[in-house]
Amino acid sequence: MKTKLSAAVAASTLICGAATAETWDMPMAYPASNYHTENAQEFADAVKACSGGELEIVIHAGGSLFKGGEIKRAVQLGEAQIGERLLSAHANENAVFAYDSVPFLATSFEASDTLRDAAAPTLSGVLADQNLTLLYSVPWPPQGLYFSKPVASPDDMKGVKFRAYNAITARVAELAGMVPTQIEAADLKQALATGVVSSMISSGSTGVDESVWEDMTNFYDVKAWLPRNTVFVNKDAFDGLPENVQTCVTDEAQKAQTRGTEKAASLAGGFIDTLAGNGMTVGAPTEAVSAKLVEIGGVMTAEWLETTGDQGKAIVDAYKAE
Ligand code: PCA
């Protein structure tokens, strides 16, 4: 018995020793049950398979390894090898990161894909300068406004405490006379329950993930933009992979991008039905509120183009040329 056991141990040591098996940590900010996270898990499983077990990616959902705001830096520094982040929340480093959140520039899944492709060369370059390799991105459904009261006119928004997820959403709030505070989705429920905020702009997906009907009553389907979660890898970690494993990762990333986008599109309507099914009043914004949002969007588009200069212009020109 003893001999058999030690022979088995010796054999497995040999096998492990022979392979260059590597494990990567993948911090993510959103819940394990969210489609972005499920999609990344499928990506991780596929990478394990196509690399013949040489690369294992371990998902850490819900900000459990690094909080949303820390993920990008952790991957840049190699504290995690790969991660997913709402890149637009890093527009303070480079406004190009907010290309997906320019109000009313791309408001459908199709347009969002076109914009992604138009931005990809610029975005990859900006990320590479930060020691990151762009892998894939998946959109959230179109963004709508949530409130804890009916909002029929722009005046109804004045003074309302607003949960922002990046500087863009904070700016929308500010221009509408609301009071923004930046809060990660993982902390949203508590912020709503304690009255720190009572409104936000987000998708039906996050509204359902966080059962926001417990604290808010109205959802206005504004379709302001489709922000993206972007998956990137530490450049040194990626460059250090054998070529066949690199190809496996990039091939599976392409598939994950397509699969995740299809998932988002197929789930979008159901999320809004779930909000309504749980008692929220769901519908389009009034004309007065729409007009105000379009005005705000105009201001913000001009600001974004000014801050990004040639890079922003190149993205918008490439998008419009499609
Ligand atoms: N959900 C994320 C970002 C955009 C979205 O729809 C959030 O609210 O944090």
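Every number for a ligand or one of its atoms is a count from 1 in the order of the listing.
A salt bridge links K255 to E252: one of the charged nitrogens lies within less than 4.0 Å of a carboxylate oxygen.
Y30 and W140 have perpendicular rings, their planes meeting at more than 60° on a 0 to 90° scale where under 30° would count as parallel.
Residues lining ligand 1 at a heavy-atom distance below 4.0 Å are given as Y30, L86, W140, Q143, R163, Y165, A185, S202, S203, T206, P227, ordered by chain and residue number.
Distance alone, capped at 3.5 Å, is enough to place a donor-acceptor pair between the R163 side chain and the I183 backbone.
Within 6.0 Å of atom NZ in K149, more than 12 heavy atoms from other residues, nucleotides or ligands are found, so the atom counts as buried in its surroundings.
By the side chain to side chain donor-acceptor pair (under 3.5 Å) test, D273 is found to be paired with no residue, residues two or more places apart in sequence or in another chain being considered.
In this structure, a donor-acceptor pair under 3.5 Å is absent between the side chains of W225 and D100.
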